Amino acid sequence: MSHFVLIDGNSIANRAFYALPLLSTSAGLHTNAVLGFTTMLLKVLEEMKPTHIMVAFDAGKVVFRHSEYADYKGGRAKTPPELSEQFPLIRELLDAFSIKRFELEGYEADDIIGTLTKTADEQDWKTTVITGDKDMLQLVSEHVSVALTRKGVSEIELYTPQEIQEKYGLKPLQIIDLKGLMGDTSDNIPGVPGVGEKTALKLLHEYGSVEEVLENIDRVSGKKLQENLRENVDKAKMSKELATILREAPVELDVQETGYTSYDGVTLSEFFKRMEFKSLLSKIKVEAPDDGQAANAAPFQYEVISAENAEKYADKLTSPMAVYVEMDGDNYHHSPIVGFGLSADDVNLFVPWDVAKEWKAFSQWLADGSQEKWTFDGKRDTVGLAWHELDIKGINFDVYLASYLLNATESNPTLDSIASQYAQVRVRSDEEVYGKGAKRLLPEMDVLSEHAAHKAAAIWQSVPVLREQLTENQMNELLNDLEAPLSMVLALMEKQGIKVNRDRLTQMGVELDAKLEELTKQIYELAGTTFNINSPKQLGEILFDVLDLPVLKKTKTGPSTSADVLEKLAPYHPIIDAILIFRQLGKLRSTYIEGLTKEIHSQSSKVHTLYNQATTATGRLSSTEPNLQNIPIRMEEGRKIREAFIPSEEGWYMLAADYSQIELRILAHISGDENLIDAFRNGMDIHTRTAMDVFGVSEEQVTSLMRRQAKAVNFGIVYGISDYGLSQNLNITRKEAGDFIERYFSVFAGVKQWMEDIVKQAKQDGFVTTLLHRRRYLPDIRSSNFNLRSFAERTAMNTPIQGTAADVIKLAMIRMQEALQEKGLKSRMLLQVHDELVFEVPQDELETMKKLVPEVMESALELQVPLKADVNFGHSWYDAK
DNA sequence: AACATCACG
DNA sequence: ACGTACGTGATGTTA
């Protein structure tokens, strides 16, 4: 039996656009309407199994209705550019699905569909119309159902004549009369003033049609209603005409041409990849339909190595080869190793861990630097294997880093997403294989071995595609000379770890406990009751209900109790200061005493952080488990935590070196601002210099307040300044903040020019870059939404600065590790904190390192201004100040 | 799992 | 007129 499905393209696209958040691809192409349309199509194809299907679109400006009523659709806001740009994509989508689409100059989709349903009706076909427009209900008949989308496009509600009868008590054609009486604001159909759905239905139940109602106005109950009807006879008639869908449009389409069997999975998945619809990729059948031998019809084959057959496979270990080290767990400092997936042109292997340990040819191949390996996160492999006394050398391409560089906005690329973008083989996500949260467990070995082999194959297939795209983006050097060598430096640092004095932490914990207990008592007394001080909700009730303090700021869920608010409330009540100290000490206890202690490794008695090299949008590193990049320093009480970070060898020292004002120096370089360059070349205190220029005073006249304000302005500049942000930071009015900025820009005109230029360039390209070609896409920079756009503009100003600073210190780290090796030094690099490097140093290398470290850091990259690094040392990280 | 808060550069 | 500073991660509470 035939089933003909007709889709109202414009209606569905609009619905999808407004129902879904404004998604976009990494290149800035908006895709939410396309995604919604796709979801709907997949659902329709699966659930309705159409034998014939087509999508109709509006076309041309002058719809025939316009000549009858000038204001038709006048009330409709014009289509936003974010939606218009998606219509060509939706057309491509339909082509990829092999679904016939149709439009007719001067007619709307409704009319095309109306005409075709009539034909279908006559031919006795089962027909379904998909739309978001209730007007279309008038097309419903014995053969024709209308499916209205609900909640965007995710659900549909099917209408047959029975449903319309039940819901409205009307025949389908009476829907036209309904619209004629009540009108439709979205189409600017006027209807009769004062008549809404309720009244219109009542009238129609009584009289049946607009014409009958108008003939019987005198009998209608209600004076006002009678009057409205009498005065709007013409309007009602015209409205009915406007609401009537034309069923005689000159549609020259043979419905037989809309026949549908299935889509071509390969074409469609290409399109999905381009749209970055990762979750949808897994939902479609990738094999080409019916022709029996699709492109990847060959089933995936892999072999499992055993102790018995291992030697037979020794010559399969080639160069290059893709390697994936399957581990059970996310933290590779602790994870057991399950085995190795290996892949090359015509071979996929899995080597279980117990086989690998004993297989000499394998461990030799693995440790042989001349045997090139392609990996996913070589740092993870290197450190994870090092914990089991296994060496991996010769890592020559890392798809994890490559994919991050190509799109830094999607942080932490996973192999299944990389595979779906760059390879043919399908890789299941780890979550899918292992289960998540409490349900996580180690699957059967055959599942694991296939999973690991899939991953290796995905790496193997992705490399050529990634290489091509890196070349296109001029990122080969960034990968080969920066990120890849850095990952091996980071591997050393992570595996080395940093010694933490557990007893020192415990002792600090005991002291904190006593203080917190005392504070808790005080706070309960001041509040007159006990409550959970850690609960913003309960605290809010005490402060703002019981004590009746003023609410200065609100969060989504209630009045804000954040530190900046509490500081302003301090004069009102003594409880505030106690709470601020409680918060401060509580943070130290939970995060830095208890949290850090938990991370001390049982084997090494050190903490081994994980540096994430593919997380941040700017190119910085991040650090987890534990995060060693946010150890307290600003407040003395917290700073003491650093006393627990000590050298791992007797008689050694901690040495720390940090860049001075690296971001402003980079701004001076890339903006070319003469004044800023001059300031740095003369070795001036930059905040004092800014204060002199902005306030127009001499160096001696700069007060500490002026310097503090100038410093805040400098920060603001780096962040992509706004008067509001600065005013919040300095607690001044917006106007005053605006004046500061204006004066700053008149003195540093080059900076102003650069900021304008970079935003302009970002709008043109859709991305910004750092000095070393690191790239960040800014899809929102052309948004019509003020907030999104402003945010993207600030990001456009900040990312080249923050990102170039990240480039510079990464270079310095590589040089530093090389220098240590070349000079045969025993000193070890342990930590990176964005603009700071921390080392442990034997006493007899102290003098060498005090010179060497700043030298290397300062010469990492030559700029128009000098780079400066300060160095300090002591018996703990605390003392290296 | 989301939110608020706070530690760092 | 619109409402926010840029980039992170860990913790405790609450829904």
Side-chain angles (χ1 to χ4, degrees), chain A residues 408-409 411-412 436-437 531-540 553-566 579-580 582-596 598-599 609-612 615-635 637-639 641-642 658-659 661-663 667 712-730 734 737 741 768 776 783-803 805-806 809 831-837:
Chain A
T409 331
S411 73
N412 260 331
K436 69 169 171 177
F531 64 102
N532 187 342
I533 310 170
N534 277 324
S535 159
K537 193 167 162 246
Q538 293 180 36
L539 179 60
K553 202 167 84 177
K554 281 184 177 166
T555 69
K556 262 184 232 176
T557 50
S560 169
T561 67
S562 65
D564 60 319
V565 172
L566 293 188
I579 290 164
L580 281 167
F582 179 92
R583 285 250 181 97
Q584 206 189 355
L585 301 186
K587 180 86 173 180
L588 291 179
R589 180 170 67 177
S590 65
T591 305
Y592 297 102
I593 304 288
E594 289 167 359
L596 200 55
K598 277 189 215 132
E599 296 291 346
T609 190
L610 302 168
Y611 283 110
N612 204 320
T615 292
T616 70
T618 54
R620 276 188 177 182
L621 301 176
S622 84
S623 157
T624 59
E625 297 182 75
N627 181 352
L628 294 181
Q629 291 183 321
N630 69 348
I631 303 301
I633 189 166
R634 292 175 191 168
M635 302 300 250
E637 297 92 319
R639 191 173 195 158
I641 299 282
R642 294 179 176 226
D658 66 305
Y659 280 112
Q661 304 300 342
I662 187 168
E663 295 191 333
L667 174 62
V713 171
N714 279 328
F715 268 100
I717 291 293
V718 169
Y719 292 154
I721 199 144
S722 77
D723 51 7
Y724 183 87
L726 184 63
S727 73
Q728 287 295 299
N729 189 285
L730 283 178
R734 204 161 149 169
I741 294 165
V768 289
R776 178 175 183 176
S783 169
S784 57
N785 177 320
F786 177 88
N787 276 331
L788 290 177
R789 190 176 64 247
S790 303
F791 190 22
E793 286 171 356
R794 293 196 295 275
T795 313
M797 300 184 240
N798 173 264
T799 295
I801 302 172
Q802 192 184 116
I809 194 164
L831 301 177
Q832 188 252 42
V833 194
H834 308 309
D835 66 352
E836 175 188 14
L837 296 175

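Below, read A as the first sequence line, B as the second, and so on, with proteins coming before strands; counting in each chain starts at 1. Because the structure is a prediction, the values reported are computed rather than measured.
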Inset, instruction - Tell me whether the OP1 or OP2 atom of dT13(C) has a side-chain N or O from Lys537(A) closer than 4.0 Å. - result: no
Legend entry - Distance, nearest 0.5 Å, that separates NZ of Lys587(A) from CZ of Arg589(A): 14.0 Å
Legend entry - Any donor-acceptor N/O pair under 3.5 Å between dT5(B) base and Arg583(A) side chain: no
Legend entry - Short side-chain N/O contact from Arg634(A) to OP1 or OP2 of dG9(B), under 4.0 Å: yes
Inset, instruction - State whether the side chain of Thr799(A) and the backbone N or O of Gln802(A) hold a donor-acceptor pair below 3.5 Å, judged by distance alone. - result: no
Inset, instruction - Just compare dG9(B), dC6(C), dC6(B) and give me whichever is closest to any side-chain atom of Ala563(A). - result: dC6(B)
Legend entry - Short side-chain to backbone donor-acceptor contact, Ser560(A) and Ser562(A), under 3.5 Å: yes
Inset, instruction - Give a yes or no answer on whether the side chain of Gln538(A) reaches the backbone of Asn532(A) with a donor-acceptor pair at less than 3.5 Å. - result: yes
Using a 3.5 Å cut-off and no angle test, enumerate the donor-acceptor pairs between side-chain atoms of residues 714-726 of chain A and protein atoms at least two apart in sequence or in another chain.
{"from": "Asn714(A)", "atom 1": "ND2", "to": "His687(A)", "atom 2": "ND1", "distance (Å)": "3.0"}
{"from": "Asn714(A)", "atom 1": "ND2", "to": "Thr690(A)", "atom 2": "OG1", "distance (Å)": "3.0"}
{"from": "Ser722(A)", "atom 1": "OG", "to": "Gly725(A)", "atom 2": "N", "distance (Å)": "3.1"}

Legend entry - Presence of Thr555(A) side-chain N/O under 4.0 Å of dA4(B) phosphate oxygens OP1/OP2: yes
Legend entry - Donor-acceptor under 3.5 Å (Thr609(A) side chain, Tyr611(A) main chain): no
Inset, instruction - Please state whether the phosphate of dT14(C), meaning OP1 or OP2, lies under 4.0 angstrom from any side-chain nitrogen or oxygen of Thr557(A). - result: no
Inset, instruction - For nucleotides 7-12 of chain C, just jot down a letter per nucleotide in 5' to 3' order: B, S or -, based on protein non-hydrogen atoms under 4.0 Å. - result: BSBBSS
Inset, instruction - Output the single nucleotide from dT5(B), dG3(C), dA15(C) whose closest atom is nearest the side chain of Ser562(A). - result: dT5(B)
Legend entry - Sugar-phosphate, base or nothing in reach of Ile631(A), heavy atoms under 4.0 Å: sugar-phosphate
Inset, instruction - Could you please name the option among dA7(B), dA5(C), dG9(B) that lies closest to any side-chain atom of Leu726(A)? - result: dA5(C)
Legend entry - Proximity to the side chain of Phe786(A) - top-ranked nucleotide from dC8(B), dC2(C), dA5(C): dC2(C)
